[in-house]
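Notes to accompany the following structure.
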Amino acid sequence: MENETTEIKKKEGFNGQKAIVLPRSILVKTCIPNPLLAGIYITDIGFYPKAKFHYRERNYGIDQYILIYCTDGKGEVKIEDTSYTLKAGNFIVIPADKSHAYGSDQNTPWTIYWAHFKGHLVKSLIRLLLKRQKSYKGLVQFNESRIKLFDEIYLNLERGYSTDNLCYVNISFSHFLSSFIFDEKFNYSAKQSIVNPIDVSIEFMQKNLHTTFTLEDIAKSVNLSSSHFSALFKDQTGFAPIKYFNHIKIQKACQYLQFTDLRIKEIALTLGIDDQYYFSRMFSKIMGVSPQDYKLKRETLRETKFL
């Protein structure tokens, strides 16, 4: 890290990267009050492949724990006065509220899976990790099922923020963390796919984010009447279908605002919305800020928060 120049240090912007920052309103309204979620819940999650010049430094830490799992290349992590070198197979948990810095090696940049997380059970989990590993850093054998579990968590988050989704994602994330604490016990059992019309309809939405649909269009995609489909969808997700579709569109819009230089009008058109002002109103209603303010806010927050 010390050999990198300030000009080429990057917090993000790597080819093939992906990241989700959960809206803070969702965390406050859904995760924190729910006893199934309050113990441990994700606030941010992502994947940075071959992240050359990746570097973050937080002199006062942040109020979340950070997991970094390196699957290729190498990098360095410093927690307070202790430095750790991470290579393929290494992981590290950075405690909340501790000063830290981390960065990718210039010659062999790391590929990392990462997550920020909080909850009242986290300290106990980290104490267990320290008891077993004797360090914030550990080594695990590569297991494709661990990557599949991460991908499943990420893909389900992409499907929206229903209570069921968040419960499944965060319980799965506890399993993901336990795979590092109990590497020798970690086994993957493939799930049998169960065809659920609501799951099918959500996949239909995801594949057609560039299109505007009516309730009837979405119901037709799973061969259900509009009324039956709407009732079934709301029962399983807690949201009306069109509202859910809009949430997924805005989630994608957030990623465009973070990771591209597309103008707001271009993002709206990409998501099948011809009226830029209607798109801005929808974005503001869901995220609590305008698209312009969100982009500016994310740029500011990245200085102190976003991995």
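By the 4.0 Å N-to-carboxylate-O rule, K123 lies too far from D97 to be salt-bridged with it.
L128 and I171 fall into different hydrophobic clusters, where Ile, Leu, Val, Met, Phe, Trp and Tyr residues are linked whenever their side-chain heavy atoms come under 4.5 Å apart, directly or through other members. No continuous path of hydrophobic side-chain contacts links I26 to L155 [ILVMFWY only; heavy atoms under 4.5 Å].
Between D274 and F279, the closest side-chain pair of non-hydrogen atoms is not below 4.5 Å. Considering only heavy atoms from C-beta on, L224 comes within 4.5 Å of L232 through its side chain. Between I126 and P95 the shortest side-chain heavy-atom distance does not fall below 4.5 Å. Here the side chains of E158 and I248 are not in contact, with every heavy-atom distance at 4.5 Å or above. For the pair N165/L157, no side-chain contact is recorded, criterion being any heavy-atom separation below 4.5 Å from C-beta on. For the pair R127/L130, no side-chain contact is recorded, criterion being any heavy-atom separation below 4.5 Å from C-beta on. When side chains are defined from C-beta on, Y102 does not count as touching I92, because their heavy atoms never get closer than 4.5 Å. Residues M282 and I273 form a side-chain contact, since some pair of their non-hydrogen atoms from C-beta on lies under 4.5 Å apart.
In this model, no donor atom of one side chain and acceptor atom of the other lie less than 3.5 Å apart for Q236 and D199. Judged purely by distance below 3.5 Å, without hydrogens or angles, the side chains of D164 and S162 never pair a donor atom with an acceptor atom. Using a 3.5 Å distance cut-off with no hydrogens or angles, the side chains of Y278 and Q276 do not pair a donor with an acceptor. Y294 and Q258 form a side-chain donor-acceptor contact under 3.5 Å, judged by distance and modelled atom types alone. Side-chain atoms of S284 and R281 form no donor-acceptor pair, as typed in the model, at a separation below 3.5 Å.
A cation-pi arrangement is present between R146 and F180, with the terminal nitrogen or guanidinium carbon under 6.0 Å from the aromatic centre and inside a 45° cone about the axis. At least one test fails for K243 against the ring of F245: distance under 6.0 Å to the centre or angle within 45° of the axis. Remark: K18 qualifies as a cation-pi partner of Y154 under the 6.0 Å distance and 45° angle criteria applied to the six-membered ring.
For the atom pair F176 CZ and I181 CD1, the distance stands at 11.5 Å (nearest 0.5 Å). Interatomic distance, D217 CG to T214 OG1, rounded to the nearest 0.5 Å: 3.0 Å. Rounding to the nearest 0.5 Å places NZ of K98 at 13.0 Å from CD1 of I66. Atom NZ of K52 is separated from atom CG of N107 by 7.0 Å, given to the nearest 0.5 angstrom. Remark: R56 CZ to I68 CD1 distance equals 10.5 Å, nearest 0.5 Å. Here the straight-line distance linking atom OH of Y41 with atom OG of S174 works out to 13.0 Å at 0.5 Å rounding.
Heavy atoms of other residues, nucleotides or ligands lying less than 6.0 angstrom from CZ of F142 number more than 12. The local environment of CD in E80 is crowded, with over 12 non-hydrogen atoms from other residues, nucleotides or ligands closer than 6.0 Å. In this structure, N59 places its CG atom where more than 12 heavy-atom neighbours from other residues, nucleotides or ligands lie under 6.0 Å away. In K74, the NZ atom is not crowded: 12 or fewer heavy atoms of neighbouring residues, nucleotides or ligands sit closer than 6.0 Å. Within 6.0 Å of atom CZ in R263, 12 or fewer heavy atoms from other residues, nucleotides or ligands are found, so the atom counts as exposed in its surroundings.
Between the side chain of N170 and the backbone N or O of F173 there is no donor-acceptor pair closer than 3.5 Å. In this structure, the side chain of D105 engages the main chain of T108 through a donor-acceptor pair within 3.5 Å. Remark: side-chain polar atoms of S290 are paired, donor with acceptor, to backbone N or O of D293 under 3.5 angstrom. Looking at T111, its side chain does come within 3.5 Å of a backbone N or O of K50 through a donor-acceptor pair. Y244 places a side-chain N or O within donor-acceptor distance of the main-chain N or O of R159, the cut-off being under 3.5 Å. Side chain of S280 to backbone of Y277: no donor-acceptor contact under 3.5 angstrom is found. Between the S104 side chain and the A51 main chain, a donor and an acceptor come within less than 3.5 Å of each other. With K249 contributing its side chain and L271 its backbone, the two residues share a donor-acceptor pair below 3.5 Å.
Ring centroids of F213 and F204 are separated by less than 6.0 Å, placing the two rings close together. Ring to ring, Y65 and H116 are not that close: their centroids are 6.0 angstrom or more apart.
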Criterion side-chain contact (heavy atoms from CB on, under 4.5 Å) on Y60 and S99, from CA distance to verdict: CA-CA 5 Å; Y60 301 101; S99 64; over 6 Å; no

side-chain contact (heavy atoms from CB on, under 4.5 Å) between I20 and Q255, worked out: CA-CA 8 Å; I20 291 175; Q255 295 176 1; 3.8 Å; yes

Working for side-chain contact (heavy atoms from CB on, under 4.5 Å), residues L215 and S230: CA-CA 8 Å; L215 172 62; S230 184; 4.2 Å; yes

Test side-chain contact (heavy atoms from CB on, under 4.5 Å) applied to S172 and E152, step by step: CA-CA 9 Å; S172 296; E152 187 170 345; 5.5 Å; no

Chi angles and distances behind the salt bridge (charged side-chain N to carboxylate O under 4.0 Å, His left out) call for R24, D44: CA-CA 10 Å; R24 272 32 187 178; D44 311 69; 3.3 Å; yes

Test log, rule ring pair (Phe, Tyr, Trp, His ring centres under 6.0 Å), inputs Y48 and W114: CA-CA 8 Å; Y48 287 171; W114 58 266; 5.6 Å; yes

CA sep, side-chain torsions, deciding dist, call: Y161, Q251, side-chain hydrogen bond (donor to acceptor under 3.5 Å, both in side chains): CA-CA 10 Å; Y161 306 125; Q251 182 187 87; 3.1 Å; yes

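Partner of F91 under the side chain to side chain contact (heavy atoms under 4.5 Å, CB included) criterion, chosen from L177, I112, L129: L129. No option in T43, L166, L37, I42 other than T43 meets the side chain to side chain contact (heavy atoms under 4.5 Å, CB included) test with L27.
Nearest heavy-atom pair, S226 versus E216, reported as atom, atom and distance to 0.1 Å: OG-CG, 3.2 Å. Shortest non-hydrogen contact noted between V200 and V222 is CG1-CG1, 3.7 Å. Nearest heavy atom pair, residue E76 against residue W110, reads N-CZ3, 4.0 Å. When all heavy atoms are compared, the tightest approach of H175 to S178 is O-OG, 2.7 Å. Closest of all the heavy-atom pairs between L257 and P291 is CD1-O, 3.9 Å. Of all the heavy atoms in V140 and Y69, the pair that sits closest is CG2-CE1, 3.7 Å.
Among residues at least two apart or in separate chains, there is no side chain to side chain donor-acceptor pair (under 3.5 Å) pair with a member in residues 81-92.
Between F47 and Y113, the ring planes lie tilted relative to each other; the angle falls in the 30° to 60° range.
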